Amino acid sequence: MQTKTTISVILKDGSKREIPEGSSGIDLAKSISNSLVKKSVGLVLNDELKDITTILKDSDKVEIITQNDPRSYEFLRHSTAHVLAEAVQNLFKDAKIAIGPVIEDGFYYDFEIPSHTLTPDDLMKIEKEMQRLIDEEQQFIRVNINDTDKQLSDFKTQGEKFKAELLEQYKNESPTLYILEDRSGKPVWNDFCRGPHLTNTKQIKAFKLLSVSGAYWRADETKESLQRIYGTSWWSKEELDTHLQKLEEAEKRDHRKLGRQMDLFSMHDETGPGLILWHPSLAYVRKQMEDYWKDLHEKKGYEIVYSPHIAKTDLWDISGHNEFYRENMFYMTVDEQDYVLKPMNCPFHVLIFKSKRHSYRELPIRMAELGTVYRYERSGVMHGLARVRGFTQDDAHIFCRRDQYVEEIKGVIQLIDIIYKGFGLNYFAELSTKPKDAIGTKEIWDFAEAGLEQALKEYGLDYKINPEDGAFYGPKIDFKLKDAIGRVWQGATVQLDFNLPNRFDLKYTEKDGSQQQPVMIHRAIYGSLERFAALLIEHFAGSFLLWLSYKQVIVMPIADRHLEYSEKIYNLLKENNIKAVFDQRAESINAKIRDAELEKIPYMIIIGDKEIADNVISVRAKKKGNLGTLQTNIFIEQILKEIKEKGI
RNA sequence: GCCGAUAUAGCUCAGUGGUAGAGCAACGGUUUUGUAAACCGUAGGUCGUCAGUUCGAAUCUGACUAUCGGCUCCA
């Protein structure tokens with residue numbers, strides 16, 4: 001069977017390599033080095049992920065993916081999902097399989113199991129069965145489905161209605177089946193799947209099932225309700241442990257947990273779900289956020305406005321909310337008149353603009369409001385401060401001329417940059433363009449998208465494009481924030497709106513006397529103060545920067561005889577507008593320190609006989625420990641400087 | 001809203017049909033302390049709500065409310 005014919009493939013570095021015709025990816029790896037074979041997982045073949053066993057053709061572009069390559073997890077996790085499905089079908093005979101894709105850091109598989117409702121206890125049993133299948137060293141074999149009709153009827157006989165539906169959908173796209181074979185070469189399980197996969201289950205070294213939950217077939221709530229199992233899979237036990245530690249760390253930072261522990265906020269049955277009570281410590285964080293925001297906005301030429309919480313439905317009829325946003329709004333009737341609790345601030349700002357005539361000279365007009373809005377969220381989706389029914393937006397609307405548009409967007413980007421830096425947050429930008437169902441002419445969309453892009457470029461900000469992901473009324477830039485443990489949060493949005501200026505027939509008088517429609521930009525930087533506070537809590541793990549801390553310094557006398565001197569220091573701090581507290585309890589100094597550390601108070605001042613004798617204070621920093629003694633006035637100077645500079 | 005789980009003291013949690021518990025916090029007292037927990041005591045609960053089963057319910061059943069994990073990732 002030896003063939004003399006060779007083919008030539010192009011490797012990642014652009015070099016060409018001669019290999020015998022009929023060689024697979026594994027053969028290619030072997031021809032390069034034996035150590036490569038061991039670590040090889042799959043291929044990028046002509047820019048597509050493919051099985052390592054794929055037979056190569058002349059002039060293919062081939063890259064061998066090893067375990068060091070992040071893309072190798074696609075193979076691993078997808079294959080682990082298959083083993084999960086096989087295990088579930090072994091344990092629950094009437095289980096039917098739906099889909100099992102790879103997700104960030106893991107995978108899931110959806111099942112319909114009429115006879116059984118999965119519980120967390122089942123996960124251990126399933127894991128055990130999975131391990132048994134892995135130890136059996138089953139082979140993944142890819143076969144083309146040549147006789148679609150036969151396969152369809154096979155799926156139907158087996159009751160695999162979801163697989164049948166999928167095959168029906170993909171039957172013209174050279175469908176493939178992955179078969180798992182035991183060591184004797186007997187097929188033991190199969191799944192209709194595009195792949196790619198590993199070659200053998202023994203390559204699965206470290207996995208864990210994480211949770212069960214509900215899901216719908218095809219994410220459609222009118223379709224079958226399925227049971228979903230989430231899991232994760234890694235190349236080594238160490239990697240898995242690191243990942244599990246990361247999950248644990250995230251749990252420790254959970255703002256709902258810290259919110260209770262640190263007395264930051266609460267929610268009550270009596271108020272209803274998704275409605276937040278801000279306790280003093282988090283209210284101070286919010287006050288600092290608001291003051292910082294107002295100060296910068298005034299400096300940047302915004303004018304602060306206020307609008308009411310409710311308005312007659314007439315307003316929402318004009319704005320279109322009553323028609324398009326209906327299911328998110330709270331309605332009430334007073335004096336036989338229907339009112340709406342505002343879900344957005346924009347119609348009010350539009351009315352302010354419309355309340356008088358504007359000259360082109362007045363533009364841009366920048367209107368800003370910390371406006372509290374209410375949106376009906378479905379009962380199952382509320383999440384601490386991050387997803388609520390009542391929240392305050394840091395909203396602003398810019399009305400400008402077309403020739404001012406790009407500059408205005410640049411101004412917004414700059415403001416976002418300044419504000420996020422004040423919290424020490426990193427971010428990145430995404431530009432979303434015209435969706436399929438959009439209002440407005442192509443001309444105006446082109447103008448708007450080009451303007452957003454130009455502003456990003458001129459500002460020098462890197463961005464990714466999300467095609468067709470804009471709002472129906474205009475394109476947008478989203479800013480995503482990255483927290484201390486690498487999670488991404490939705491941050492600022494900048495949107496262009498063609499809808500409201502039209503609906504409200506907004507105009508200004510141009511130089512030539514003509515009436516023109518202004519360009520309207522919506523933007524929010526914190527997004528919602530509630531969600532941004534949640535981000536800050538989790539980012540700092542409750543250990544806020546000094547300028548955000550409700551308690552900045554705690555004064556702690558060692559014994560009662562130090563109370564008088566301590567009180568003088570405490571008063572001096574207060575006189576200097578430092579948020580100081582005084583621990584007068586008859587506790588040991590160790591207990592006081594422990595409590596202050598747990599409360600995450602940035603600075604502790606310890607006063608005993610020595611400090612009084614030398615007329616100094618002992619300073620201890622949260623987590624850092626004893627900083628030694630200082631003159632009180634020097635400490636005050638330093639701390640005021642740190643507050644002013646926001647400690648970045 | 002849907003699928004599933006959970007709900008006991010301010011917090012974290014034990015208690016599976018027979019008199020409601022612990023630790024921390026709170027409060028009172030003693031202690032006067034040198035860089036992450038001094039000691040003793042006191043008080044605190046219609047066991048989420050409402051109904052049912054039972055001689056008897058925190059415990060079993062049902063409804064409701066709230067919270068938690070998901071319902072966006074597509075062979």
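Note that these values count all heavy atoms, side chains included, but never hydrogens, waters or copies made by symmetry. Lettering of chains follows the sequences in order, A, B, ..., and the numbering in each one begins at 1. On a predicted model such as this, the values are computed, not experimentally measured, just so you know.
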Contact class for [X] (heavy atom, under 4.0 Å): base, sugar-phosphate, or nothing?
| X | result |
| --- | --- |
| N626(A) | base |
| Q169(A) | nothing |
| T119(A) | nothing |
| R378(A) | base |
| R228(A) | sugar-phosphate |
| I589(A) | sugar-phosphate |
| M382(A) | sugar-phosphate |
| K163(A) | sugar-phosphate |
| G625(A) | nothing |
| D609(A) | base |
| A591(A) | sugar-phosphate |
| E587(A) | base |
| D560(A) | base |
| T117(A) | sugar-phosphate |

Lys NZ or Arg CZ of R389(A) over Y374(A) ring: under 6.0 Å, within 45° |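 That pair does not qualify as a cation-pi contact.
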Evaluate the ring planes of F140(A) and H82(A), with Trp represented by its six-membered ring, and classify them as parallel (under 30°), tilted (30 to 60°) or perpendicular (over 60°).
->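 It falls in the tilted class, 30° to 60°.
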Can we call the ring centroids of Y109(A) and F111(A) under 6.0 Å apart?
->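 Yes, ring centres under 6.0 Å apart.
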So, for W234(A) and F207(A), is the gap between ring centers shorter than 6.0 Å?
->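 No, the ring of W234(A) stays outside the 6.0 Å limit from the ring of F207(A), centre to centre.
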Taking the nucleotide of RNA chain B with the closest heavy atom to each, which residue, G274(A) or A215(A), is nearer the 5' end?
-> G274(A)
For S588(A) and P101(A), take the nucleotide of RNA chain B holding the closest heavy atom to each; which residue's nucleotide lies nearer the 5' end?
->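 Closest to the 5' end, via its nearest nucleotide, is S588(A).
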Applying a 3.5 Å limit to both distances, which nucleotide forms a Watson-Crick or G-U wobble pair with [N]?
| N | answer |
| --- | --- |
| G52(B) | C60(B) |
| U72(B) | none |
| C24(B) | G10(B) |
| U67(B) | A5(B) |
| U46(B) | none |
| A37(B) | none |

Span of RNA chain B engaged by chain A, first through last nucleotide within the 4.0 Å heavy-atom cut-off, is G1(B) to A75(B)
Measuring only the [atom1] atom in each nucleotide, how far is [N] from [M]? A whole number of Å is fine.
| N | M | atom1 | result |
| --- | --- | --- | --- |
| A7(B) | A14(B) | P | 8 Å |
| C40(B) | C68(B) | C1' | 40 Å |
| A58(B) | A20(B) | C1' | 8 Å |
| U67(B) | U8(B) | C1' | 15 Å |
| U61(B) | A5(B) | P | 12 Å |
| C71(B) | C11(B) | P | 29 Å |
| G52(B) | U6(B) | C1' | 22 Å |
| G44(B) | G28(B) | C1' | 14 Å |

Any chance you could lay out the ring pair (Phe, Tyr, Trp, His ring centres under 6.0 Å) test for F155(A) and F162(A), step after step, and finish with the verdict?
-> CA-CA 9 Å; F155(A) 277 145; F162(A) 305 111; over 10 Å; no
Can you tell me if NZ on K482(A) sees more than 12 non-hydrogen neighbours from other groups inside 6.0 Å?
->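 No, the 6.0 Å shell around NZ holds no more than 12 heavy atoms from other groups.
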Are the side chain of E611(A) and the backbone of G608(A) linked by a donor-acceptor contact shorter than 3.5 Å?
-> yes
Just by modelled atom types, is the T53(A) backbone N or O under 3.5 Å from a matching donor or acceptor in the D51(A) side chain?
-> no
Which residue pairs satisfy the salt bridge (Lys or Arg N to Asp or Glu O under 4.0 Å) criterion with at least one member in residues 616-627 of chain A, sequence neighbours excluded?
->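 Qualifying pairs, neighbours excluded: E597(A)-R620(A).
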